[in-house]
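Sequence lines set the chain letters: A, B, ... in the order given, protein chains first and strands last, and positions in each chain run from 1.
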Number of protein chains: 2
Amino acid sequence: MQLDERKVKILQAIIRNYLETGEPVGSRTISKYTDLNLSSATIRNEMSDLEEMGYILQPHTSAGRIPSDKGYRLYVDTMMEERVREVDEMRELVLQKADKVDLVLKQVAKLLAANTNYAAMISSPQYHHNKVKFIQLSKVDINQIVAVVVVEGNIIKNKIIDVEEEMDDQTLLKLNILLNTNLNGLSLENINLGIITMMKEQAGIHSDVVGSVIDAVAEAIRSDEDLQIYTSGATNIFKYPELSDHEKASELINVLEEKQQLAGLVNETLANGEQNRGIQVYIGNETPVQTMKDCSVVTATYELEEGMQGTIGIIGPKRMDYDKVVSTLKQLMEQLDSLYKKT
Amino acid sequence: MQLDERKVKILQAIIRNYLETGEPVGSRTISKYTDLNLSSATIRNEMSDLEEMGYILQPHTSAGRIPSDKGYRLYVDTMMEERVREVDEMRELVLQKADKVDLVLKQVAKLLAANTNYAAMISSPQYHHNKVKFIQLSKVDINQIVAVVVVEGNIIKNKIIDVEEEMDDQTLLKLNILLNTNLNGLSLENINLGIITMMKEQAGIHSDVVGSVIDAVAEAIRSDEDLQIYTSGATNIFKYPELSDHEKASELINVLEEKQQLAGLVNETLANGEQNRGIQVYIGNETPVQTMKDCSVVTATYELEEGMQGTIGIIGPKRMDYDKVVSTLKQLMEQLDSLYKKT
DNA sequence: TATTAGCACTCACCCTTTAAGAGTGCTAAT
DNA sequence: ATTAGCACTCTTAAAGGGTGAGTGCTAATA
């Protein structure tokens, strides 16, 4: 079956309507809502097709239709309309204070939550593109060695590695050379499985040590020890009945409170942001955080200084006002940019 | 009417039962639950008395009774039984990591929440007993002066004060002397209303300036700019039906997320803790944070080093298991003490 | 051939009724 | 002073019934 123009129009109308009301939308509504001048019966036929194609679905027989994840995806990819409007309030608020970064971040989160009526999160900026500068393995004990990893920005990471058998100095030297020659100058994205396996092969029986070191490197580069995440407006989810039964609300709020899982979202976003510059939309099951499979998550990467990136996220129901959220985020990014890059 | 021993026993039985079940408890239950060997009819009479005295109340005619705030208060003050038990798990976990304070605090919060099934909060330790070392007023403009307050620990606080009329140097000097002679060496608790009014009198027409300076002093001593508050287990409140309707749950979780209001709780606790060393129980309306008027809050003051105090709080329903919470908190305090004071 | 009117049917939702159960207060008996 | 007994109240859950929104299908229409 073909998705002709009329079907698109109808689908769009259905989604628009559903975004507003949150109620399944019926054929009669569409018949009136659009300028297609078609009877409800015709619409019904078209809707039946759209359902077959997987863009919409019926919560139960004899209810209206609601968009499916696929439907939302199509909408977000092709039918969204940029909206520019009352972001003035934001301008004021964001510009307010700039002396302490964390205060600004808190404000941004609060602002976003209040502005969008969804939950908002923001991660503190992290050095991300950092490259490995130096690696040093040293023996501290018969069966323990310490790996010291220094990355650009002089972040230092130590990791104790247990080894089964004692390692003589020469082997250690060899490993040191191996590690430094192969990893120096590389950033997290550049250390791929190819390099890793190659190194492990060269290390022979000490391949597990290499593995541990690489873990340490990853940690050092990510340095998410002092990854701060601020949230705001978690309780906004109560505004959407489809999320506010105890079970779901509880899970969601928990994720937002404990922050643990949000770190995953941050990393995912930063990793993806690499290619896919800017704003990303995760609908339902697309989300990297499984707890949010009934939600949509819109994330954006911001950058305070070169290589100093953080993530902003909006968490809301699938019937989120994508247009608004996306344009709000874009505006906000500009704000942040002008706030820090100009100076 | 008199609260004789039998009434106390019955009240205790009612409360105990209600703490467990959360359901209004009827006369027949008590008749069986206690070893008083009284018929339900007798209990009914006694309950009627207890209600008249305000210790219990009926949600509606022909329902059982539930404890009133007054009833809980009596219970907490006189009938609680210390409980010592499986806090072993805690010992392990708390001792785990000690290199970064904030990690420990996060863990403590998490642990408490998981252990008690209530929401937990913990504030980062603050210098609190600090005394004023020095105060200096200087004119910066025709109608602006700046107050510089230095307190022990060399925390410095500035505050701009607007004045209606220009102040000549001599007046300023007088005020400086007045402030320094009266406030130096005093800590927050020692600056009482008596001193304040006395000073304001002496300052004459400039009493409002004195007031502003005292505000600045209070801020400096509290220094809650970098007051961190960690929460955990906010979603535990969903376990208690009396708190988990949307409205209440939303408000509560919001307070826990935004932290703002919790700072008030911290300050209150620290201030009270002065006299009332140790653990405090706020039942219902007794709470310093109005949003929690349907909850009970149990707080404790902990001290890492001399004068370095923080607050731990447990937020739960009024029918909280006070015995458990109090003894858990006590145990925890010991843990924290031994963790940091021994070294 | 595409569109539409018409109609029977489904299902969630709301309202009312009904019955059961828990608990009380009062009175009279012990 | 205590208790048995009973009428009464009030909540809660279940059951029934009506309503309305919406569908799918069929037959008529442009």
Side-chain angles (χ1 to χ4, degrees), chain A residues 1-11 13-15 17-18 20-68 71 241-242 244-245, chain B residues 1-11 13-15 17-18 20-68 71 241-242 244-245:
Chain A
M1 204 169 320
Q2 253 267 59
L3 195 65
D4 56 26
E5 193 182 341
R6 195 171 73 176
K7 284 195 172 53
V8 170
K9 270 195 174 168
I10 292 175
L11 178 56
I14 293 173
I15 296 182
N17 196 288
Y18 185 69
E20 270 178 37
T21 64
E23 300 281 308
V25 6
S27 53
R28 198 131 178 290
T29 313
I30 299 301
S31 162
K32 286 183 291 183
Y33 191 74
T34 59
D35 50 359
L36 290 167
N37 270 51
L38 292 172
S39 79
S40 62
T42 314
I43 303 287
R44 273 204 287 286
N45 292 328
E46 294 287 50
M47 280 166 93
S48 177
D49 292 352
L50 283 170
E51 180 165 13
E52 204 177 310
M53 289 188 270
Y55 292 110
I56 53 179
L57 37 83
Q58 256 180 318
H60 55 85
T61 5
S62 89
R65 305 302 212 290
I66 63 174
S68 67
E242 65 266 48
S244 53
D245 66 294
Chain B
M1 205 170 320
Q2 253 267 55
L3 196 65
D4 57 26
E5 193 180 341
R6 195 170 74 176
K7 284 195 170 57
V8 169
K9 269 195 174 168
I10 292 174
L11 178 56
I14 293 173
I15 295 181
N17 196 289
Y18 185 70
E20 272 178 36
T21 64
E23 300 282 307
V25 8
S27 54
R28 196 131 179 288
T29 314
I30 299 302
S31 163
K32 285 183 291 184
Y33 191 73
T34 60
D35 50 0
L36 290 167
N37 269 52
L38 292 172
S39 77
S40 63
T42 314
I43 303 288
R44 271 205 288 286
N45 291 328
E46 294 288 48
M47 280 167 95
S48 177
D49 291 354
L50 282 170
E51 182 165 11
E52 203 177 312
M53 289 189 271
Y55 291 109
I56 54 180
L57 38 84
Q58 258 179 316
H60 55 86
T61 3
S62 89
R65 305 304 212 289
I66 63 174
S68 67
E242 66 265 47
S244 52
D245 66 295

If I take atom CD1 in residue A:Ile30 and atom C1' in nucleotide C:dT3, what distance separates them, rounded to the nearest angstrom? 18 Å
Reading 5' to 3' through nucleotides 11-30 of chain C, protein heavy-atom contacts under 4.0 Å coded B for base, S for sugar-phosphate only, - for none: SS----------BBBB----
Grab the stems for DNA chain C, please: at least three consecutive Watson-Crick or wobble pairs, both distances below 3.5 Å, written as range with range. C:1-30 with D:1-30
Please step through side chain to side chain contact (heavy atoms under 4.5 Å, CB included) for the pair B:Met53 and B:Leu50, ending with a clear verdict. CA-CA 5 Å; B:Met53 289 189 271; B:Leu50 282 170; 4.1 Å; yes
Taking atom C1' of C:dT3 as reference, at what distance in whole Å does atom NZ of A:Lys7 sit? 14 Å
Donor-acceptor pairs under 3.5 Å, side chain of residues 54-62 of chain B to any protein atom, not counting sequence neighbours: which ones?
residue : atom : partner : partner atom : Å
B:Gln58 : NE2  : B:Ala63 : O            : 3.1

Rounded to whole Å, how long is the line connecting atom CZ of A:Arg6 with atom C1' of C:dT4? 12 Å
Starting at atom CG of B:Asn37, determine the distance to atom P of D:dA4, rounded to an integer number of angstrom. 11 Å
Give the minimum heavy-atom separation between B:Ile15 and B:Pro67, together with the two atoms involved. CG1-CG, 3.8 Å
According to salt bridge (Lys or Arg N to Asp or Glu O under 4.0 Å), does anything in residues 51-62 of chain B pair up with another residue at least two apart or in another chain? List the pairs. B:Glu51-B:Arg65
Atom-pair distance (CG on A:Leu38; P on D:dA30), nearest Å: 17 Å
So does A:Asp245 have more than 12 non-hydrogen atoms from other groups sitting under 6.0 Å from CG? yes
Nearest whole angstrom, please: distance from the P of C:dA5 to the CD1 of A:Ile43. 12 Å
Set of residues satisfying side-chain contact (heavy atoms from CB on, under 4.5 Å) with respect to A:Asp4, sequence neighbours excluded: A:Arg6, A:Lys7
Side chain proximity check, B:Ser48 to B:Asn45, heavy atoms < 4.5 angstrom: no
Review item, side-chain donor-acceptor pairs of residues 27-34 of chain B, under 3.5 Å, at least two apart:
residue : atom : partner : partner atom : Å
B:Ser27 : OG   : B:Arg44 : NH1          : 3.2
B:Ser31 : OG   : B:Leu38 : O            : 2.8
B:Thr34 : OG1  : B:Ile30 : O            : 3.0

Any B:Thr42 side-chain nitrogen or oxygen under 4.0 Å from OP1 or OP2 of D:dT2: no
